[in-house]
Participant: 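Quick one: the structure is below, and I'll ask about it shortly.
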Amino acid sequence: MAVRAAMQTHTARGGKAVRKKLIEFNNVSFRYGEDQPWVLKNCSFEIDEKEWVAIIGHNGSGKSTIAKLLNGLLFPQEGEIIIGGKPVNQETIWDIRKNVGMVFQNPDNQFVGTTVQDDVAFGMENRGIEREEMVRRIDENLSAVGMQDYRQTEPHRLSGGQKQRVAIASVLAIYPQVLILDEATAMLDPSGRKEIMETVAEVQMQKDLSLITITHDLLEVVKAERVLVMNEGEVWGEAAPRDIFSRKKELRGIGLDVPFVAQLADELEKAGITITKEPLNHAELLEELWTLHSRT
Amino acid sequence: MDITFKNVSYIYQQGSPFAHKALDDISFHIPTGKFVAIIGHTGSGKSTLLQHLNGLVRPSEGEVSIGDYRLTNDEKPDNLKKLRSKVGVVFQYPEHQLFEETVAKDIAFGPENFGVDKAAINERIQQILPAVGLGEELLERSPFDLSGGQMRRVAIAGVLATQPEVLVLDEPTAGLDPRGQKEIMEMFYNMHQEQGLTTVLVTHSMEDAVKYADHVLILNNGGKYMEGAPEDVFTRSDALQEVQLDVPEIVQFLTRFEERFGKRIPFHRQSIGELAEEMERLLGREKTR
C-alpha cells in the first residue's frame, strides 16, 4: 500500500507547470439567513489559471453555493473570495461577472433568445458590445461548440445537448477566464453528456480557460486535473482524481460513489491480485494486470 | 397485471400536415411480476409508450391490454379511472407536480381521488413514509420548503399511496446524487419484490437495467429494436452502438479484457466482486503453471 501511495503522489505532482492563481476562497462561510444553518463552513481553496477542477459532494454539501458565490449571486458572511486579484463585492461584481461564465442544469431555463444567434447575442448586448464585434463573436463561439449551422434555429428544435452547447457559446462570447458548469449534463441523455464534455474539453484548450465542473458523473470527474470534495459545507479533500478515488471507503462514507475501475481494482486486491497504481480507466487497469500477468 | 402491446402504432396530430409517427407497430408481452427496463435515446418513443400504460393516450392502431383492460383507437374501458388506480406512474421530475399546502395533503391527493377513506389513507401514509425515507415530522410542512431529494420522495409517496399493481417509472432518479439514486432504486426494487408488482422502468442507465431488470426492451425511432434478457441484449455491442446506445461498463471491460488477454469471461450479470474472483481464477491459474 505504501508503494501505491508513493506512486500516486508522484503522478499527481509530475508534469504540472507553474500557473498563476485565478480564484481564491479564504475562510469563506455562508448561510442563507441568521437563523439558518451554515451552508459553507470556513472553506479555503485555490484554483489556477487554465486549471480544470471538478467539485463533487452529496446533494446539500455546498457545491452549488460555491458556484453562486463565484459570480456574486450570493456574498459570504465571513471570509473573502478573490478572483483575478480582485475581492468579490458589490463594487467589483460587474467586472467579475465578465470573467466568470456559468452554465446551469436545466437546458430549458437558460435559453433567452428566440433563435440560437439571438441567444448568443443576449449576453453581449447586455455588455454593450458593438454590432460588428458581436457578429464576429457569434461566429467564433458557435463554431467553437460545433453549432455554427444552427444560427437561425429556434430553441424548441434543438436537443438538450445542443441547447447546452448554445448556452456554453453564449457564455464564451463574453470572453470569461473561467467557465463553471453546475451539473450542466445532469438532465441530458448519455450521448448529450458525451457531446458536452467533448465540447468543453475542446474549448478549454482552445481558449485557455479555467474550468470548474460541479457534477455527480464520475466519468467527468476523472477527466479533471484536480477534485475538490465537499461534505456538509466543508472542504473534505482536495487532490488529483487518482488520489481521491483511492479513498474509496471514506468516499462511500460521505455518500459518494467511486468509478467502476476503482471498485474493480479494490475487489481484485481482495481476491489476492496486487494493484500498485490506482487505475483511472480500463486501459490503465488492463495494463497493470498485463504487466503482472506477463511477469509470471 | 400483465401488459400486452399488439401491433401498436401511435401518430401525433393524425390527419394533419404535422402528423408524426411516435410508435411504429410495436408488439411485446410483459408477464405479471416482471421488472422490465425500456431503453432508447431521446425521441425513440419511450414516453409515448408509457402514456399508453394508464390510458393517457390510446393507440392509433393496434391494441394495448393491461390485465383485463383493453385499449384500442375506438375503445376505452368504461372504468378508466379504475385502471389508473392500478397503474401508478412516476413521471420525470415528479416533484414538479407537487401542489398541496402540506406533504400529508399532497400524498393523500391520489388515493382520495380514487375514493379511499381518510383512515385508510392515513394508515397507508404511515407505511409509505419509512419506505421512501421521509420522517413523520415533515407531514405538516409545505412540500416546497423541502430539498430537491425530499420533494422527489414526497411525489413518489403520492404515487405509492394509490397502491398500484403496476409501477411505471420514467427516469425516477434523474438529477439525484449517487446515494439518492441508489436509495430510490433499492426502494422500488424491494417494493417490486415484496408486493409482486409489475414494474416498467424507463432509464438511460444501463447499470440500473443490468442490476434490476429481468427483461430489456430497446426502442429506436418508435419501433422495437431489440428485446430479451439483459445478459443477451447487453452483449450485442455492435447492435447497440448502431442506435447510439452504450453497453454497460462491465461489458465494455470484459470486451477489452478479452482483446488484451485472449481469454473470455462471459457476462452473466455478475457483481464487481464476482468478476474480480473470476479474473483471479483466470490470471492466478496462469501464474502457477
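What you see is a predicted model, and the numbers here were worked out from it, not measured in a lab. Below, chains carry the letters A, B, ... as their sequence lines are ordered, and counting in each starts from 1. Computation of the quantities below employed the complete heavy-atom set of this structure, encompassing side-chain atoms and omitting hydrogens, waters and symmetry-equivalent molecules.
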Participant: If every non-hydrogen atom of Phe260(A) is compared with every non-hydrogen atom of Phe253(B), which pair is closest and at what distance?
Facilitator: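 Result for this residue pair: CE2-CB, 3.6 Å.
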Participant: Answer yes or no: does atom CZ of Phe18(B) have more than 12 heavy-atom neighbours from other residues, nucleotides or ligands under 6.0 Å?
Facilitator: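 No - once you tally the heavy atoms of other residues, nucleotides and ligands closer than 6.0 Å, there are 12 at most.
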Participant: Give, as side chain, backbone, both or neither, the part of Leu285(A) having an atom under 4.5 angstrom from any heavy atom of chain B.
Facilitator: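 Leu285(A) touches chain B through side-chain heavy atoms alone.
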Participant: How many angstroms lie between CG in Leu289(A) and CZ in Phe261(B), if you round to the nearest 0.5 Å?
Facilitator: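 It comes to 5.0 Å.
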Participant: Taking all non-hydrogen atoms of both residues, which atom of Ala276(B) and which atom of Ala271(A) are closest, and how far apart?
Facilitator: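 The answer is O-CB, 4.1 Å.
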Participant: Is the number of heavy atoms from other residues, nucleotides or ligands within 6.0 Å of CG (Asn221(B)) greater than 12?
Facilitator: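 Atom CG in Asn221(B) is not crowded, with 12 or fewer foreign heavy atoms closer than 6.0 Å.
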Participant: Between Ile272(B), Leu176(B), Asp177(B), Ile250(B), which has the largest tally of heavy atom pairs under 4.5 Å with chain A?
Facilitator: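 Option with the greatest count: Asp177(B).
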Participant: I need the residue from Glu274(B), Lys182(B), Glu249(B), Gln252(B) with the largest number of non-hydrogen atom pairs under 4.5 Å to chain A.
Facilitator: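 It is Glu249(B).
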Participant: Answer yes when Lys270(A) and Glu277(B) have at least one side-chain N-carboxylate O distance shorter than 4.0 Å, and no when they do not.
Facilitator: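 Not counted as a salt bridge, because no side-chain N and carboxylate O are separated by less than 4.0 Å.
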Participant: Name the option with the most non-hydrogen atom pairs under 4.5 Å to chain B; the candidates are Val261(A), Leu286(A), Leu268(A).
Facilitator: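 Of the candidates given, the most pairs with chain B belong to Leu286(A).
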Participant: One pair to check against side chain to side chain contact (heavy atoms under 4.5 Å, CB included): His58(A) and Arg179(B). What are the steps and the verdict?
Facilitator: CA-CA 8 Å; His58(A) 57 84; Arg179(B) 182 190 281 172; 5.6 Å; no
Participant: Any idea which heavy atoms bring Ala283(A) and Arg256(B) closest together, and the distance?
Facilitator: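 So the minimum-distance heavy-atom pair works out to N-NH1, 4.0 Å.
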Participant: Looking at Pro178(B) and Gly255(A), what are the two nearest heavy atoms and their distance?
Facilitator: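 Pro178(B) and Gly255(A) have their closest heavy atoms at CB-O, 4.3 Å.
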Participant: Thinking salt bridges, do Lys194(A) and Asp246(B) make one under a 4.0 Å N-O criterion?
Facilitator: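 Judged by the 4.0 Å cut-off on N to carboxylate O distance, Lys194(A) and Asp246(B) do form a salt bridge.
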Participant: Got a sec: does the CZ of Arg236(B) have more than 12 other heavy atoms crowding it under 6.0 Å?
Facilitator: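 No.
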Participant: Checking the side chain of Asp189(A) only, and the main-chain atoms of His41(B) only, is there a donor and an acceptor separated by less than 3.5 Å?
Facilitator: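 No: the side chain of Asp189(A) does not pair with the backbone of His41(B).
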Participant: Yes or no on side chain to side chain contact (heavy atoms under 4.5 Å, CB included) for Met187(A) and Tyr93(B), after CA distance, side-chain angles and deciding distance?
Facilitator: CA-CA 10 Å; Met187(A) 291 176 85; Tyr93(B) 299 95; 2.9 Å; yes
Participant: Surrounding OH of Tyr225(B) (heavy atoms of other residues, nucleotides or ligands, distance under 6.0 Å), is the total greater than 12?
Facilitator: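 Buried by this count: over 12 neighbours within 6.0 Å.
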Participant: Given side chain to side chain contact (heavy atoms under 4.5 Å, CB included), test Gln181(B) with Asp257(A) step by step and report yes or no.
Facilitator: CA-CA 11 Å; Gln181(B) 291 186 5; Asp257(A) 229 341; over 6 Å; no
